[in-house]
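What follows is a single structure, written as C-alpha cells, with notes after it.
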Amino acid sequence: EKRKAEEAKAEVERKRQEDIAKAQELLKQLEGLAEEAEKASKALVEEAEPLSGKEVDDMDLEELQAKAKALDQAGNDAKAKSKACTDMVLQKGPEMRAAEVPVPGQAPDEDKLTLAKLLTRINESAKLTDATLRAAKTAEAKAIKKAEAKKKLQTSESMFDKYDKNGDGMLDRREVEQFAQAEAGLKIPASYFEKNFYKSLVGDAKGVKKANFQRLKVSIGLMREQAQDDKRRETRVAREKELERLREQYQEKINDAAKEVESAEGKVSKAETDAFGLQPKAKGMLSKEMTKLADELDELVKDAREEAADAKKEVVQLTEGCEQELKLWFTSEQKKLEFKMNRFDARLQKAASLCAKFREDARRKEHEEMDALEKSVVKMLKYHQRAKDFTNEELFAAIDADKDGKIGESEWLAFFRDCEKEPKAEKEAAKEGEEEAAAAAPEEPPSEEGLTQLFAALDEDEEGMIPKERFINLVRVFMKVAKDSVLTSGASIKESKMLRRLDIGEVVEIHRGPIEEEVVKVMRVFATAKQDDLEGWITISGNQGTTFLEDGGNVFKVVTETILTECFELDGATSGAAKKVRDTTRKLKVGEIVEVRVWAKKEEKSGLMRMKCKCRADGATGWVTTVGNQGTVFLEVA
C-alpha cells in the first residue's frame, strides 16, 4: 500500500511538471507576441509625432493625406498585434496559469515569467495605441482643415493674379468683367458697377483689391444664380403655356371619347331595355315574329358591343404620348370614362342571354306551332281518307297526281284546295230539355303559307318532295289497348271469329274506320297488332261507353338515357343528303317523350333495335335504340 501511494504521488508530480513546462513554453510564445505589439505601438507613436509638431504647418494637403494614410496602416498593424495577444490569452490562459501554482515549501520567484506580468504589458501597449490614435486623428483633422483652407486661399490668390493683367494688385472694371465671363459665364450689366455694394468693394482704390476678392466672387455668384433663376422662370412659364395649349387639345380628345362613350351607353341601354321587354311580348306573338325580334336584338347587341369596343379602345389610347406633367390629370379623366364603361360587357352579356332565352322560346313555340299545324293537316288528311274510304296507300296515290311515287309541293297544295273538308259542329244549345242541332259550317283549312312550311319540314332531305314512306308514316294512326279486348276476322261481331285476345297496353295500327257495327251498334276499326302484325277488327268503344282503345301507342318515353343519331347504323357515315338535315345528334334524357316516325327494326351489325322518332320537346328527329343487344330497354310506350 505504501509503495502504491508513493507511485501515485510520483505520477502527480510528473504530471505537474509537464503542465509547468507546457505553461512556460506558452508564456514564452505570448511574451514574443507582446514584444511585437509593443514595437508596433512605438512605431505608431513615431508615425504620429510629425502631426503634433511645428513642421506640420509646412506640409501641403497631399503630404498630409499621405501621412494620414501611413498613420492608418501603422494603427491597424498595432491593433492586429494587440489582438493576437488577447486571442492567445483567451484560448490558452488556463494552461498558462499552471506555471503560477506555488510549490509547497518554496518561496515565490519574483523574476519568474507569469501571465499576470504579460497581461500588464499587453494592456499598456493597447492603451498606448488607442491614446496615440485619438491624439493623431485630432491633430490630423486640424492639420488637413488648415491645409485645405491654405490651398483654397492659394487657389483664390492664383485666380486673382490670373485676371490682374497689369499686376497692380487690383482688378479694375474691365478685369472684373473678364473674370465674371470666364469663370461664371456671366456678362455683368453696367448698372452693377454703379451699385453701392461694388463701390464699397473698391473704396478709394481704382479696383477690387485682393482682400475683397472673395466678396467679389460671392457677389458674382449671386448674380449668376439670379440670372439662372430668371432663365429657369422663363423656361417654366413657356412650358406652362405649352402645357395649357396641349391640355386644351387633350380636352378635345377627351370630349370626343366621352361622346363615343355616351353613344355606346345609349346603345347598351337600348339593348338592355329591349331585352328586358322581350318576355312580356312573347305570349301574343308567333314564333316567326319572335325570331325576327330576336334577330333585331342580336343585331343591336352586336352594334352595341362594337361601339363599346371602339369607345374602350379610344379611351385606352388617350394617354399615349401624353406629356409626363399632364399624365396625372389625363389619367384621372380617363378613369372617369372607364368607370362609365366598366359594366358595358356585363350588361350586354345579360341582354344577349335574355335574347338567347327568347330565341329558344321562339324555337319551342315554332315546334309547338308546327306540331299543331301537323295535327291539323293530318286531321284533314284522315277526314278525306275516311270520306273516300281510302287506305294510307290510296290516300298517297290520290295526292301523287303525276304518279311518280313522291309528292311535290304543287301536288301537296293542290290536294288541300280540293280535298273533303270536315264540317265544324256547333255546340248544342242546352235549354230545359230542348235540343237544337246547329248548322254545320266548313272548317277553315291551314293557310297556304302554313302548308308550305309543313311541306318543307317533311322534306327533310331538302329534295323538293315528300317520299311515300315519310307520308305514310305521317298519316299512320296508332292506338293503345285500354281494356281487355279481342281481334276478330270481320267487322260484324256475330259473323266473324276471334283471332286472339289483346293485352292491355298493346299497340295497334289503325287502317280503316271507325265504322259503326250494324247489329251491336259499336264503333269498329280495322287494325294491325304491332306485337305480331296480325290484322283484324277491333271495337274502339262499347255501346255502354266502355273505351277499349285510346289514342297513343306511337308515343314512347325514355326510361334509360341514350342518344339520338342521324343514321340508322351507329357506325354509318353521314351521307351528303343527311348532312342537309338539322343536326339531331344529342342526348335523350330519362322522361323525354318521342313520337314514332319509323317503327323499331333490328340493326344487323350491332343487334340493336333501332327506331326513328321525333322529340316532342324540340322537334329533333333521328334514330334511337329502343332495346339493346343485352336486353336493356331504353324506351317504352308512354
Side-chain angles (χ1 to χ4, degrees), residues 287-288 291 359-378 381 392 396 406-407 409 412 446 450-478 507 509 530 552-603 608-627 634-638:
S287 61
K288 62 180 180 181
T291 301
R359 189 180 293 280
E360 186 61 33
D361 292 342
R363 279 195 288 267
R364 194 158 35 246
K365 181 171 279 192
E366 180 185 14
H367 169 61
E368 292 170 358
E369 291 171 353
M370 189 60 67
D371 194 47
L373 178 63
E374 181 178 313
K375 287 179 180 177
S376 176
V377 167
V378 170
L381 289 169
N392 291 342
F396 175 82
K406 55 191 176 184
I407 298 173
E409 186 175 348
W412 175 261
L451 291 169
T452 302
Q453 288 178 351
L454 182 59
F455 180 87
L458 295 173
D459 179 18
E460 295 176 354
D461 295 336
E462 298 182 10
E463 295 178 347
M465 60 86 175
I466 302 174
K468 182 177 181 179
E469 181 185 7
R470 197 163 297 147
F471 176 81
I472 296 299
N473 283 329
L474 175 68
V475 297
R476 292 170 81 180
V477 176
F478 298 91
V507 179
E509 181 178 357
K530 298 305 294 180
N554 68 326
V555 178
F556 280 69
K557 180 173 69 174
V558 179
V559 294
T560 303
E561 189 173 286
T562 184
I563 58 170
L564 190 73
T565 64
E566 291 182 355
C567 300
F568 172 69
E569 298 86 358
L570 283 176
D571 60 349
T574 305
S575 65
K579 284 182 181 178
K580 296 178 184 177
V581 187
R582 77 182 74 169
D583 183 12
T584 57
T585 303
R586 69 170 183 83
K587 282 186 178 181
L588 288 178
K589 297 181 179 179
V590 174
E592 281 200 64
I593 302 298
V594 300
E595 296 177 1
V596 178
R597 284 292 179 263
V598 177
W599 281 87
K601 53 185 177 180
K602 190 173 184 180
E603 202 269 310
L608 305 174
M609 294 300 292
R610 303 272 287 161
M611 176 180 77
K612 191 171 187 180
C613 62
K614 178 181 177 182
C615 301
R616 276 191 178 176
D618 57 7
T621 304
W623 291 87
V624 64
T625 299
T626 57
V627 182
F634 293 94
L635 283 83
E636 63 181 20
V637 177

Are there more than 12 heavy atoms of other residues, nucleotides or ligands under 6.0 Å from atom NZ of Lys365? yes
Return yes when atom CD of Glu469 has more than 12 non-hydrogen atoms of other residues, nucleotides or ligands closer than 6.0 Å, and no otherwise. no
Please round to the nearest 0.5 Å and tell me the distance separating atom [atom1] of [X] and atom [atom2] of [Y].
| X | Y | atom1 | atom2 | answer |
| --- | --- | --- | --- | --- |
| Arg597 | Met611 | CZ | CE | 10.5 Å |
| Ile407 | Phe396 | CD1 | CZ | 4.5 Å |
| Thr626 | Phe634 | OG1 | CZ | 9.0 Å |
| Lys589 | Thr560 | NZ | OG1 | 15.5 Å |

Can you tell if the side chain of [X] reaches within under 4.5 Å of the side chain of [Y], non-hydrogen atoms only?
| X | Y | value |
| --- | --- | --- |
| Trp412 | Thr452 | no |
| Leu608 | Leu570 | yes |
| Leu458 | Gln453 | no |
| Val558 | Ile593 | no |
| Glu374 | Glu369 | no |
| Lys406 | Ile466 | no |
| Phe568 | Val598 | no |
| Leu474 | Val378 | yes |

State, to 0.1 Å, how close [X] and [Y] come at their nearest heavy-atom pair, and which atoms those are.
| X | Y | answer |
| --- | --- | --- |
| Glu566 | Trp623 | O-CD1, 3.5 Å |
| Ala362 | Thr291 | CB-OG1, 3.8 Å |
| Asp459 | Gly464 | OD2-N, 2.7 Å |
| Phe455 | Glu409 | CZ-N, 3.3 Å |
| Leu451 | Val377 | CD2-CG2, 3.8 Å |
| Thr621 | Glu460 | CG2-OE2, 3.8 Å |

Would you check if there is a donor-acceptor pair between the side chains of Asn473 and Arg476 at a distance under 3.5 Å? yes
Using only heavy-atom distances, determine whether the side chains of Arg364 and Ser287 contain a donor-acceptor pair under 3.5 Å. no
Expected output: side-chain Asp618 to main-chain Ala620 donor-acceptor under 3.5 Å: yes
For the pair Arg610 (side chain) and Cys567 (backbone), establish whether a donor and an acceptor sit closer than 3.5 Å, ignoring hydrogens and angles. yes
In a check of side-chain hydrogen bond (donor to acceptor under 3.5 Å, both in side chains) between Arg363 and each of Glu360, Glu366, His367, which one passes? Glu360
With under 30° as parallel and over 60° as perpendicular, where do the rings of Phe478 and Trp599 fit, or are they tilted in between? tilted
Start with the C-alpha gap between Glu595 and Asp371, add the side-chain angles, then the distance that decides, and say whether side chain to side chain contact (heavy atoms under 4.5 Å, CB included) holds. CA-CA 11 Å; Glu595 296 177 1; Asp371 194 47; 4.3 Å; yes
Carboxylate-amine/guanidinium proximity below 4.0 Å for Lys557 and Glu592: no
In a check of side chain to side chain contact (heavy atoms under 4.5 Å, CB included) between Val624 and each of Leu588, Val594, Thr565, which one passes? Leu588
Run the numbers on Arg586 and Ile563 for side chain to side chain contact (heavy atoms under 4.5 Å, CB included), then give the verdict. CA-CA 6 Å; Arg586 69 170 183 83; Ile563 58 170; over 6 Å; no
